[in-house]
Amino acid sequence: MTATKARAVRFDHYGGREVLYVADIDMPVPGDGEVLVEVRAAGINPGEAAIRVGALDEIFPATFPSGEGSDLAGVVVAVGPGVTGFSVGDEVLGFSLRRSSHASHTVVPQDQLIHKPPQLSWEAAGSLYVAGCTAYAAVRAVDPQPGETVAVSAAAGGVGSLVVQLLTLRKARVLGIASAGNADWLRAHGVVPVKYGDGLAARLREAAPDGIDAFIDLFGPDYVQLAVDLGVAPQRIETIISFEKAGEVGAKTEGSTDASTTAVLSEMADLVATGAIDFDIAARYPLDHVADAFEELEHRHTHGKIVLLPGSVS
């Protein structure tokens with residue numbers, strides 16, 4: 001019997017993790033050019049937490065009750081009129097721009113989906129969009145050349161771990177700013193680890209006596225200022241988070257929105273599927289434990305991605 005109900009994460013007003021709940025909703029129906037996906041995996045991201053607490057209300061206001069989630073991977077269970085690239089039963093990954101992927105089912109325009117490479121796990125496929133496209137955009141923004149030195153803050157996080165690998169693929173020398181506990185992972189991926197904290201500027205100068213050519217900030221405004229203090233040209237400074245500071249110094253602020261194309265997503269999916277870059281999954285949670293997943297995310301020391309598995313049992 002065809003299911004008539006789906007389950008989806010909701011929140012009715014801005015607030016902390018306690019405002020999140022899972023609701024039974026009518027099964028979405030695909031319209032023209034849309035497909036209905038049964039979600040197998042959906043990553044969570046810091047931006048979703050920022051939207052939920054209201055920190056981005058002026059830019060991305062929520063309409064209540066609000067869903068959440070952009071990343072997704074799953075199986076096509078229905079197609080709307082005009083769909084030509086996908087059929088029922090296809091395994092797909094992609095993105096929702098409707099804050100709807102943290103759910104058992106969601107409707108997605110066909111031009112926001114690609115076929116899932118068979119070598120790609122559901123967890124990796126379902127959490128690749130935001131991190132992968134953000135990393136791609138950040139690296140593209142600083143345009144690293146072979147032999148250049150590029151410093152990266154939060155270098156072992158969900159985005160950072162992809163950024164540093166994309167940089168090494170482009171033959172850059174990468175200084176990865178992270179905790180001491182991540183040093184072995186960074187070294188294993190061709191990155192020079194540099195411990196964050198007091199004395200960081202001196203450690204970076206020691207690691208790059210000839211100077212730093214570009215700087216990618218994935219954590220906060222202090223790193224943008226640090227890049228300026230280290231003599232990095234503003235047009236070679238990129239931040240995905242420190243927008244106000246970037247405006248002050250003339251740095252770039254490219255992110256997932258600037259690279260939200262199926263071509264970019266396909267390139268990133270192929271790199272992960274073929275093993276050209278590692279994409280680590282830090283934790284898996286059932287949909288009912290979405291608040292616990294965000295609690296782990298908000299500690300900001302996770303290596304790799306945290307992913308919801310809507311089909312799993314709590």
Side-chain angles (χ1 to χ4, degrees), residues 3 5-25 28 37-53 55 62 65-75 77 91-96 98-106 108 116 120-135 154 156-162 181-182 185 218 256 268-269 272 278-314:
K5 291 289 185 179
R7 305 180 72 238
V9 174
R10 291 284 186 266
F11 59 100
D12 296 332
H13 54 85
Y14 292 132
R17 297 183 297 274
E18 71 280 354
V19 305
L20 295 172
Y21 64 96
V22 178
D24 290 328
I25 63 171
V37 178
E38 180 185 278
V39 180
R40 297 288 178 87
I44 68 171
N45 298 284
E48 290 146 6
I51 289 171
R52 186 238 306 148
V53 301
S66 177
E68 68 170 19
S70 300
D71 297 349
L72 66 98
V75 178
V77 293
E91 296 182 349
V92 297
L93 70 136
F95 55 96
S96 167
R98 301 170 181 170
R99 302 177 190 170
S100 67
S101 71
H102 294 172
S104 64
H105 299 76
T106 188
V108 186
K116 184 180 82 69
L120 201 60
S121 71
W122 284 116
E123 293 92 338
S127 52
L128 183 59
Y129 161 61
V130 169
C133 291
T134 300
V159 176
S161 58
L162 295 178
N182 288 305
W185 185 92
L218 308 174
S256 63
M268 293 301 299
V272 177
D278 290 335
F279 188 60
D280 297 327
I281 303 300
R284 302 160 178 81
Y285 288 86
L287 197 65
D288 287 333
H289 290 202
V290 59
D292 296 330
F294 275 100
E295 180 179 13
E296 181 166 349
L297 176 77
E298 290 163 25
H299 289 157
R300 300 191 76 175
H301 286 290
T302 302
H303 173 70
K305 291 293 296 182
I306 298 172
V307 61
L308 297 175
L309 304 177
S312 63
V313 179
S314 58

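In this text the structure is predicted, and so the values were computed from the model without any measurement.
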Restricting to side chain to side chain donor-acceptor pair (under 3.5 Å), what partner residues turn up for [X], sequence neighbours left out?
| X | answer |
| --- | --- |
| Ser96 | Ser100 |
| Thr134 | none |
| Trp122 | none |
| Asp292 | none |

What closest approach, in Å, do [X] and [Y] show between heavy atoms, and which atom pair accounts for it?
| X | Y | result |
| --- | --- | --- |
| Ile306 | Ala282 | CG1-CB, 4.4 Å |
| Ala293 | Leu308 | CB-CD2, 4.0 Å |
| Lys116 | Ala125 | CD-CB, 3.7 Å |

Mind checking what makes salt bridge (Lys or Arg N to Asp or Glu O under 4.0 Å) contact with [X], not counting sequence neighbours?
| X | answer |
| --- | --- |
| Arg284 | Glu123 |
| Glu38 | Arg40 |
| Arg17 | Glu298 |

- Item | Lys305 side chain to Asp280 backbone, donor-acceptor under 3.5 Å |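 No.
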- Working to the nearest 0.5 Å, report the span between SG of Cys133 and CG of Leu128.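 One gets 7.0 Å once the value is rounded to the nearest 0.5 Å.
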- Message: Just verifying a value: how many Å separate Thr106 OG1 and Arg98 CZ, rounded to the nearest 0.5 Å?
- Response: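 Thr106 atom OG1 to Arg98 atom CZ measures 7.5 Å (nearest 0.5 Å).
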- Message: Taking ring-ring contact (aromatic ring centres under 6.0 Å, His included) as the definition, give me every residue that meets it alongside Phe95, ordered by chain and number, with sequence neighbours left out.
- Response: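 Residues passing ring-ring contact (aromatic ring centres under 6.0 Å, His included) with Phe95: Tyr129.
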- Message: Taking ring-ring contact (aromatic ring centres under 6.0 Å, His included) as the definition, give me every residue that meets it alongside Tyr21, ordered by chain and number, with sequence neighbours left out.
- Response: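 ring-ring contact (aromatic ring centres under 6.0 Å, His included) list for Tyr21, sorted by chain: empty.
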- Who are the side-chain contact (heavy atoms from CB on, under 4.5 Å) partners of Val19, not counting sequence neighbours?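 If we apply the side-chain contact (heavy atoms from CB on, under 4.5 Å) test to Val19, skipping adjacent residues, the hits are Phe11, His13, Arg52.
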Please tabulate, for side-chain N and O atoms in residues 65-75, each donor-acceptor pair with protein atoms closer than 3.5 Å (sequence neighbours left out).
from	atom 1	to	atom 2	distance (Å)
Glu68	OE2	His102	ND1	2.9
Asp71	OD1	Val130	N	2.9
Asp71	OD2	Asn45	ND2	3.3

